[in-house]
Amino acid sequence: TARRREESLQDVPIAITVQTAEQLDQRGADNITVLQQTTPNATVQVARGSNSTLIAFIRGVGQQDPLWGFEGGVGLYVDDVYIARPQAAVLDIFDINRIEVLRGPQGTLYGRNTVGGAVRYVTNELDMEEAHLRARLNFGSYNQSDFIISGSTPIGENFAIGGALALYVRDGYGENQFTGAEHYNKDVDAYRISAQWEPLDNLSIRFSADGVDDDSNPRNGYRLANFPAGGASYDPPSSIYDTRAGAGDDNHVSTRGEALHIDYEISDTLTLRSITAHREGHTNGTIDFDNTEFPTLDIPAYYSDSQLTQEFQLLFDFDRIQGVAGLYYLDGTAEGAFDTVLGLAGPLTIFTQGSVDTESLAAFADISFDITESLAVAIGARWT
């Protein structure tokens with residue numbers, strides 16, 4: 001459904017990679033960074049110092065630093081809701097149908113920031129006829145214990161509710177040899193709930209809410225060279241997962257979101273869709289750049305964001321003409337603050353703070369014309 005309609009992957013004139021839930025399950029994928037292994041020209045990684053901040057590049061276009069003054073060039077969408085900020089965007093894979101990665105600019109199909117490409121995270125739809133329940137336990141090395149439960153049930157003839165809960169716990173691969181805390185551990189809770197109402201044959205209303213809490217310790221770095229200080233020389237730790245970072249082990253990331261999807265089939269060839277969504281997130285963490293117990297270069301940081309989005313789509317599928325036209329509105333705020341602690345220069349502390357308000361309105365359209373049975377032309381336009 002990369003072009004907002006269901007069609008064969010071979011018919012889509014876009015460089016696209018699709019990973020189904022079954023394929024992701026066979027690979028043992030736990031979050032969307034696994035896409036890097038199967039998607040050409042894509043880099044999908046966890047940001048420095050974090051366990052859940054996303055760094056995504058497609059064809060060299062992306063965002064390296066998750067500061068509040070930037071939005072990434074790769075658009076991340078969860079059920080067609082744009083995720084503006086990279087914090088808590090390393091999505092864990094549960095209750096999912098598929099992930100679609102579109103390479104190259106997609107601004108004529110999507111409402112916001114897809115200069116490099118788009119990553120579409122599509123969750124499972126609710127079954128309006130039968131009840132389902134699935135539970136899964138994963139046990140592994142380093143005391144890994146994952147618990148995932150999901151299900152849905154119809155209530156009456158035209159209403160259904162469902163939800164999913166995922167708890168991920170794992171000891172660290174390494175140790176902070178200065179504080180004694182675990183290093184590269186995982187402590188993440190995530191949930192998703194939804195309700196769907198179909199009062200008419202041509203009308204569907206779905207409400208969903210989701211949240212993530214990440215209390216994993218910050219991922220500090222590993223020094224490649226020794227560090228002379230106080231007349232002594234500190235050699236690199238024996239394991240690349242160990243650190244001597246002294247900036248602390250407190251880290252918390254949380255995000256919440258709600259969305260309302262309304263689909264109204266005007267006719268067999270026309271569908272009107274509305275997507276209303278609100279999201280907010282908060283991050284408290286630290287990055288110890290020198291990776292020693294000394295405050296040579298430590299940066300405690302705080303981030304906060306909120307966004308309200310509204311999108312209208314008109315989808316049409318006539319005999320030889322198919323496509324989508326849409327209006328998109330975003331009202332968002334991103335703010336943050338951090339100290340740059342230069343302990344060997346004074347000591348010197350440089351405090352930085354700020355906030356960015358963004359209000360964006362866009363109109364876009366993407367239309368395909370079937371000239372013959374084997375030849376089609378696609379035309380797109382966008383105004384922002």
Side-chain angles (χ1 to χ4, degrees), residues 1-24 32 34-44 56-63 71-83 96-123 125 261 263 265-273 275 311-328 360 362-384:
T1 55
R3 294 199 294 173
R4 308 294 196 176
R5 58 186 181 273
E6 189 171 308
E7 54 189 342
S8 168
L9 181 62
Q10 292 182 335
D11 293 335
V12 181
I14 297 173
I16 181 172
T17 299
V18 179
Q19 295 289 294
T20 65
E22 182 180 3
Q23 291 171 326
L24 293 167
I32 64 172
V34 73
L35 296 173
Q36 180 171 287
Q37 302 173 12
T38 57
T39 306
N41 301 317
T43 300
V44 185
F57 284 81
I58 294 179
R59 295 177 176 174
V61 179
Q63 174 188 354
E71 283 187 33
V74 176
L76 176 64
Y77 292 81
V78 177
D79 289 336
D80 286 336
V81 174
Y82 173 61
I83 310 298
I96 188 174
N97 182 274
R98 66 191 179 279
I99 298 178
E100 301 174 345
V101 183
L102 291 73
R103 300 188 293 281
Q106 308 297 334
T108 63
L109 284 166
Y110 293 86
R112 183 73 179 170
N113 270 39
T114 55
V115 181
V119 177
R120 299 187 67 237
Y121 185 101
V122 183
T123 65
E125 294 185 358
H261 290 71
D263 278 18
E265 294 184 8
I266 302 173
S267 66
D268 292 339
T269 56
L270 288 174
T271 299
L272 181 63
R273 176 174 297 162
I275 304 173
E311 183 171 0
F312 294 105
Q313 300 174 13
L314 180 64
L315 302 99
F316 46 91
D317 190 353
F318 299 104
D319 184 30
R320 287 180 170 269
I321 302 175
Q322 314 89 33
V324 58
L327 293 173
Y328 182 86
S360 176
F364 58 94
D366 193 278
I367 305 172
S368 294
F369 301 90
D370 293 334
I371 299 175
T372 68
E373 292 184 358
S374 58
L375 179 62
V377 174
I379 299 175
R382 178 184 183 84
W383 171 87
T384 303

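All values reported here derive from a predicted model rather than from experimental measurement.
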Student: Could you go step by step and tell me if Arg3 and Ser368 meet the side-chain contact (heavy atoms from CB on, under 4.5 Å) rule?
Tutor: CA-CA 10 Å; Arg3 294 199 294 173; Ser368 294; 2.9 Å; yes

Student: Take Thr123 and Asp79 through the side chain to side chain donor-acceptor pair (under 3.5 Å) test and state the conclusion after the steps.
Tutor: CA-CA 7 Å; Thr123 65; Asp79 289 336; 2.6 Å; yes

Student: From Glu265 CD over to Leu315 CG, what is the distance, rounded to the nearest 0.5 angstrom?
Tutor: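 So the CD of Glu265 and the CG of Leu315 are separated by 10.5 Å.
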
Student: Does one side chain, of Arg98 or Thr1, offer a donor that lies under 3.5 Å from an acceptor on the other?
Tutor: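 Thr1 and Arg98 do have a side-chain donor-acceptor pair below 3.5 Å.
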
Student: Would you give the length of the straight line joining atom OG1 of Thr17 to atom CG of Asn41, rounded to the nearest 0.5 angstrom?
Tutor: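 Reported value, rounded in 0.5 Å steps: 9.5 Å.
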
Student: If you compare all heavy atoms of Ala42 against all heavy atoms of Ile58, which two are closest, and at what distance to 0.1 Å?
Tutor: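 Shortest heavy-atom contact: CB-CG1, 4.2 Å.
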
Student: Apply side chain to side chain donor-acceptor pair (under 3.5 Å) to Arg103 and Thr39, showing your working.
Tutor: CA-CA 9 Å; Arg103 300 188 293 281; Thr39 306; 5.5 Å; no

Student: Find out whether Tyr121 and Ile83 are in side-chain contact, i.e. whether some heavy atom of one side chain is under 4.5 Å from a heavy atom of the other.
Tutor: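 In short, these two side chains do not touch, never coming nearer than 4.5 Å.
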
Student: Of all heavy-atom pairs between Ala2 and Leu102, which one has the smallest distance, and what is that distance?
Tutor: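 Result for this residue pair: CB-CD2, 3.7 Å.
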
Student: Of the non-hydrogen atoms in Ala363 and Leu327, which two are nearest, and what is the gap between them?
Tutor: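 Heavy atoms only, the tightest pair is CB-CD2, 3.7 Å.
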
Student: Look only at the side chain of Thr384 and the backbone of Ala362, and say whether a donor-acceptor pair between them is shorter than 3.5 Å.
Tutor: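 Not a single qualifying donor-acceptor pair exists.
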
Student: Could you check whether Arg382 makes a cation-pi contact with Tyr328, meaning its NZ or CZ is under 6.0 Å from the centre of the six-membered ring and within 45° of the ring axis?
Tutor: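 Ring-cation test returns no.
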
Student: What pair of heavy atoms forms the shortest contact from Gln36 to Val44, and how long is it?
Tutor: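 Here Gln36 and Val44 meet closest at OE1-N, 2.9 Å.
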
Student: What do you reckon, is CG of Asp268 surrounded by more than 12 foreign heavy atoms closer than 6.0 Å?
Tutor: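 Count not over threshold, so no.
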
Student: Would you indicate whether the side-chain heavy atoms of Ile321 and Ile367 approach each other to under 4.5 Å?
Tutor: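 Sidechains of Ile321 and Ile367: in contact.
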
Student: Tell me, with the steps shown, if Asp370 and Gln322 meet side chain to side chain donor-acceptor pair (under 3.5 Å).
Tutor: CA-CA 9 Å; Asp370 293 334; Gln322 314 89 33; 3.0 Å; yes

Student: Could you tell me the separation between the CZ atom of Arg273 and the CG atom of Asp263, rounded to the nearest 0.5 Å?
Tutor: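 So the gap between those two atoms works out to 4.0 Å.
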
Student: Evaluate the criterion side-chain contact (heavy atoms from CB on, under 4.5 Å) for residue pair Leu9 and Val18; output intermediate values, then yes/no.
Tutor: CA-CA 9 Å; Leu9 181 62; Val18 179; 3.9 Å; yes

Student: What's the shortest heavy-atom distance between Arg59 and Ala15, and which atoms?
Tutor: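 So the minimum-distance heavy-atom pair works out to NH2-CB, 3.5 Å.
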
Student: Under 4.0 Å between a side-chain nitrogen and a carboxylate oxygen: does that hold for Glu311 and Arg4?
Tutor: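 Salt bridge between Glu311 and Arg4, a charged N being under 4.0 Å from a carboxylate O: yes.
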
Student: Do Val101 and Ile16 have side chains that get closer than 4.5 Å, going by heavy atoms?
Tutor: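 Result no, sub-4.5 Å side-chain heavy-atom pair not found.
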
Student: Test Tyr110 against every option in Phe364, Tyr82, Tyr77 by the ring-ring contact (aromatic ring centres under 6.0 Å, His included) rule and name the one that passes.
Tutor: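 With Tyr110 as partner, ring-ring contact (aromatic ring centres under 6.0 Å, His included) holds for just one option, Tyr77.
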
Student: Under the side-chain contact (heavy atoms from CB on, under 4.5 Å) rule, what do Thr271 and Ile266 come out as? Steps first, then yes or no, please.
Tutor: CA-CA 5 Å; Thr271 299; Ile266 302 173; over 6 Å; no

Student: Please round to the nearest 0.5 Å and tell me the distance separating atom OG of Ser267 and atom CZ of Phe316.
Tutor: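 It comes to 12.0 Å.
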
Student: Thinking salt bridges, do Asp80 and Arg120 make one under a 4.0 Å N-O criterion?
Tutor: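 Salt bridge flag = yes for Arg120 with Asp80.
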
Student: Quick check for you: to the nearest 0.5 Å, what is the distance between Asn97 atom CG and Gln19 atom CD?
Tutor: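 If I round to the nearest 0.5 Å, the distance is 12.5 Å.
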
Student: Would you compute the distance between atom CZ of Phe369 and atom CG of Leu375 and round it to the nearest 0.5 angstrom?
Tutor: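 Phe369 CZ to Leu375 CG: 13.0 Å, rounded to 0.5 Å.
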
Student: Do Val12 and Glu7 come within less than 4.5 Å of each other through their side chains, counting heavy atoms only?
Tutor: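 They are in contact (side-chain heavy atoms under 4.5 Å apart), so the answer is yes.
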
Student: Are Leu109 and Val324 packed together at the side-chain level, in the sense that at least one heavy-atom pair is separated by less than 4.5 angstrom?
Tutor: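 Counting from C-beta outward, Leu109 and Val324 do come under 4.5 Å.
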
Student: May I ask you to test the Glu100-Val119 pair for a side-chain heavy-atom distance under 4.5 Å?
Tutor: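 Glu100 does not reach Val119 side chain to side chain.
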
Student: Would you say Ile32 and Ile99 make side-chain contact, with heavy atoms under 4.5 Å?
Tutor: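 The answer is yes, as the side chains (C-beta and beyond) meet within the 4.5 Å cut-off.
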
